[in-house]
Amino acid sequence: MSTVTRFAPSPTGYLHIGGLRTALFSWLWARHNDGKFLLRIEDTDRARNSEEALEAIIKAFDWVGMNYDGDVVYQSKRFDLYKQYIDQLLEEGKAYKCYMSKEELDALREAQMARGERPRYDGRYRDFDGTPPEGIDPVIRIKAPKEGMITFVDGVKGEINIAADEVDDFIIARSDGTPTYNFVVAIDDALMGLTDVIRGDDHLYNTPKQIVVYNALGFKLPKFYHVAMINNEQGKKLSKRDGATDVMEYKAMGYLPEALLNFLVRLGWSHGDQEIFSVEEMISLFDPKDINKSASSYSPDKLLWLNAHYIKNTPNAKLAEMLKDFGVDIVEHDRLEMLLDATKERGKTLVELSQQINLILNAPSEYDAKAVKKAFKGDAKEILVDFIAMLQTWEKPLHLPSDYHAVLEALVAEKEIGFGKIGMPLRVALVGALTGPGVDEMMAIIGVDETIERIERAVASIS
RNA sequence: GACCCUUUCAUCUAGUGGCCAAGGAUGCUACGUUUUCAUCGUAGUCACAGAGGUUCAAAUCCUCUAGGGGUCGCCA
């Protein structure tokens, strides 16, 4: 039987980073087994902006290169189907109508809490055959086993045992007739042919409830894998306060999708000591048995490191294309290769990379004060003037960094000075700061005319 | 409060009774390379939550304690 996994978000408007990880695990496992990865929208409560939410999810999937099989399933469009199963259970006596009011329910819960018990429905209408109270639309409850254990083997956590009396006769249909989450999830997972359900471990307690449904309907159980949560650096639940939780924010911050995937796949999963995984490797190596039991903390340092790694290893043409989104269009630049080779090791994100590029491409509008103090002193002005003269009278072609290097060498030889004497002021003249790529490279990128212009401007600024 | 899950360096993790005086990666600190910065290289830093057992031998098995997380809805 081929593997079928799914991602089943409720429509919240954007794809959460933790959601992406469980989706990734499911997707990898499906692809690993040449199976199917399905998408379902859990919108039973109301058809709240489901289309919009789906769009956001697909957008994020597209960005990271994930895809799903078949049609998207909307639970809100399957109410008739669920209704049939509710009727079936009612007929078979496996479910029943409960006429308890919300007020009564609240009172019951309160009393149980006061006694130090876990709040649950007491089953008072389970075997009710009297006259139902007037004026109350009943809910439908399923008959959960009253004794024994509900046991299942979780692929991540191992055997899970929950006493049956911890699971009450929960509601499968509201008083308005609409079905509830745990009921429809079990039905859909079964009907959609799920073999492996990989989800967050906040669903761990839902699993016994869903098993009750599976059993009542005679469905075969899939394998369950409950993946521990991603916490923030303080070990608390990840929230918007902790920075980006929306996957698409990572795109805006200049992260590469392969870096984000690589980061997420290593959060709660490992393959020996390996850190770098291409998507192909993830697919071939992923196995849910290697998923970690414990929660992990989100720490951005490693993501940054991975991003730097992937930027360094991305072809320049592709980088140039991506940089368009960051206000840098160098696709047509005739020194594209040189420019990116010089800068890609200096930017950990596309945002930083674009800044690096702008620094070279645009003449400095101001000079860093500290740099000026350090570089524009002594005979710096004179040396720069001499350098201009040399560039202007240089007879060999000036194209490659090595060509410019030859000029510099000639200068330091003639003047009997160290490289730093010309290097520092030249660097400040070119980009206004004391950091950045080699001056040879920068001059080759901007060309001799622009180089001379920038130096002249610097010379003029030195009093 | 009840129930469930969980606990190896600051962080992500390797580890399934002897190969572990615990390995890798990130971070951090040095040093080297570089005319600068970055990259890169080398080295250093740092952990088995605690207490009892079982065993010739425990990070690994058992018990308890403590910490963290989750769940207790006519939400999903």
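To find a chain, count down the sequence lines: A is the first, B the second, and so on, and within it residues start at 1.
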For [N], does OP1 or OP2 lie under 4.0 Å from any side-chain N or O of [X]?
| X | N | result |
| --- | --- | --- |
| T178(A) | C74(B) | no |
| N161(A) | C5(B) | no |
| T44(A) | A76(B) | yes |
| S270(A) | A14(B) | yes |
| R109(A) | C74(B) | yes |
| K293(A) | U6(B) | yes |
| K312(A) | C40(B) | yes |

* Asked: Starting at CG of D341(A) and ending at P of A38(B), how long is that distance when rounded to a whole Å?
  -> 19 Å

* C12(B) C1' sits how many Å from H271(A) NE2, rounded? -> 17 Å

* Check for a donor-acceptor pair, side chain of D201(A) on one end and backbone N or O of L204(A) on the other, with a separation under 3.5 Å. => no

Of the listed nucleotides [options], the one nearest the side chain of [X]:
| X | options | value |
| --- | --- | --- |
| V439(A) | A14(B), C4(B), U35(B) | U35(B) |
| S294(A) | U6(B), A76(B), G1(B) | U6(B) |
| P119(A) | A14(B), U36(B), G73(B) | G73(B) |
| S296(A) | A2(B), U36(B), U13(B) | U13(B) |

* To do: Give a yes or no on whether a salt bridge exists between D122(A) and R124(A), defined as a side-chain N under 4.0 angstrom from a carboxylate O.
  => yes

Quick one: the side chain of [X] and the base of [N], do they pair up donor-acceptor inside 3.5 Å?
| X | N | answer |
| --- | --- | --- |
| N206(A) | A76(B) | yes |
| S299(A) | C12(B) | no |
| K157(A) | C5(B) | no |
| E275(A) | G24(B) | yes |
| D273(A) | G23(B) | yes |

Could you check whether [X] gets within reach of a base, just the sugar-phosphate, or nothing at all, counting any heavy atom under 4.0 Å?
| X | value |
| --- | --- |
| L306(A) | nothing |
| M424(A) | nothing |
| G268(A) | sugar-phosphate |
| G116(A) | sugar-phosphate |
| P437(A) | base |

* Structure fact -> salt bridge (charged side-chain N to carboxylate O under 4.0 Å, His left out) test vs D169(A) passes for just one of K94(A), R126(A), R120(A), namely R126(A)

* Structure fact -> Taking for Y181(A) and for I422(A) the nucleotide of RNA chain B with the nearest heavy atom, the one nearer the 5' end belongs to I422(A)

* Structure fact -> Per nearest nucleotide of RNA chain B, the residue lying toward the 5' end, R346(A) or L204(A), is L204(A)

* Asked: Is there any side chain to side chain donor-acceptor pair (under 3.5 Å) pair reaching into residues 405-432 of chain A, and which pairs are they, with sequence neighbours excluded?
  -> D386(A)-K415(A), H405(A)-D440(A)

* **D176(A) and T178(A): CA distance, side-chain angles, deciding distance, side chain to side chain donor-acceptor pair (under 3.5 Å) verdict** => CA-CA 6 Å; D176(A) 66 1; T178(A) 56; 2.7 Å; yes

